[in-house]
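Both counts, for ligands and for their atoms, begin at 1 and track the order of listing. Start at 1 with the first residue, then count along the sequence.
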Amino acid sequence: MPESITISAKTLGAAALPDFCPRCFWIQMHTPGLPYQIFPGIFSSIDSYGKRLVHGWFDRHGSAPPWLNRLGDIRGYRHPPHYSKFSILDQETQIILRGTPDGILVMHDGSHLIVDYKTAKFTAHQDVLFPMYHAQLNAYAVIGEQRGFSPISGLALVYTEPITDNATTAKDANLTASGFVMEFSTHIQPVDLAPKKIPELLAKVREVYDRERPPPSRAGCTDCEFLKNLVELAGK
Ligand code: SF4
């Protein structure tokens, strides 16, 4: 039996990207606490703000905000559990998969729809990060089915984008006594349910993790070469 390893749904999602680098993944998994991984907290603050706005609207009006209506007949929401409770152990790979979805909506038939908020501009062209988000949401679906949210009937990304055009900056209402207001527009992107992809990704992660040495550098990425030159230079 291999040692169990724990990964987040988002980390699993990285393995679905077309430019996934097994070497990078191996290094990250085997050296927790690597430096240079600072992520600006403002994005998670905005995602959290959007989630609280939605829940507050439900609590006050008993219905979904109008911009969520395109997802169907939504009747309410459930508070997403902490990742320590929203996790499963995959017996095949001995991987503990966990995470915390941004939102879990309850549909008219009692099924659940999982949403994730992204503070980003939605582009008409294929979003390069979409394979990662797709896998992340489907990992939540697999976990949710086993952790009290069955059935999961849908998944969606909610892109929130700041509106910064000249007309908006010219509005007096956006300047307040204490600062300023920034408007956001939303774009809802339904994501197909494909839970059968998750076992494939878990197997890929297990295979990379179990290698005794870091895999070779990804073709086309020169950063490892730069690092090697830097280390040689520092050793002189
Ligand atoms: S090849 Fe590029 S992506 Fe892979 S480990 Fe090196 S720097 Fe990271």
From the list Trp26, Phe25, Phe20, side chain to side chain contact (heavy atoms under 4.5 Å, CB included) with Pro22 holds only for Phe20
Side-chain donor-acceptor distances from residues 103-111 under 3.5 Å, at least two apart:
| from | atom 1 | to | atom 2 | distance (Å) |
| --- | --- | --- | --- | --- |
| Asp109 | OD1 | Ser111 | N | 3.0 |
| Asp109 | OD1 | Ser111 | OG | 2.7 |
| Ser111 | OG | Ser153 | OG | 2.7 |

Sequence neighbours left out, what passes side-chain hydrogen bond (donor to acceptor under 3.5 Å, both in side chains) with His55? Give chain and number order. none
No-hydrogen, no-angle side-chain donor-acceptor test under 3.5 Å, Glu145 and Ser150: yes
Below 2.8 Å, which protein N, O or S atoms neighbour atom 6 (Fe) of ligand 1, ignoring water? Cys224 SG
Results of side-chain hydrogen bond (donor to acceptor under 3.5 Å, both in side chains) for Thr119 - residues two or more places apart only: Asp47
Decide whether His134 and Gln136 meet the rule of one side-chain donor and one side-chain acceptor closer than 3.5 Å. no
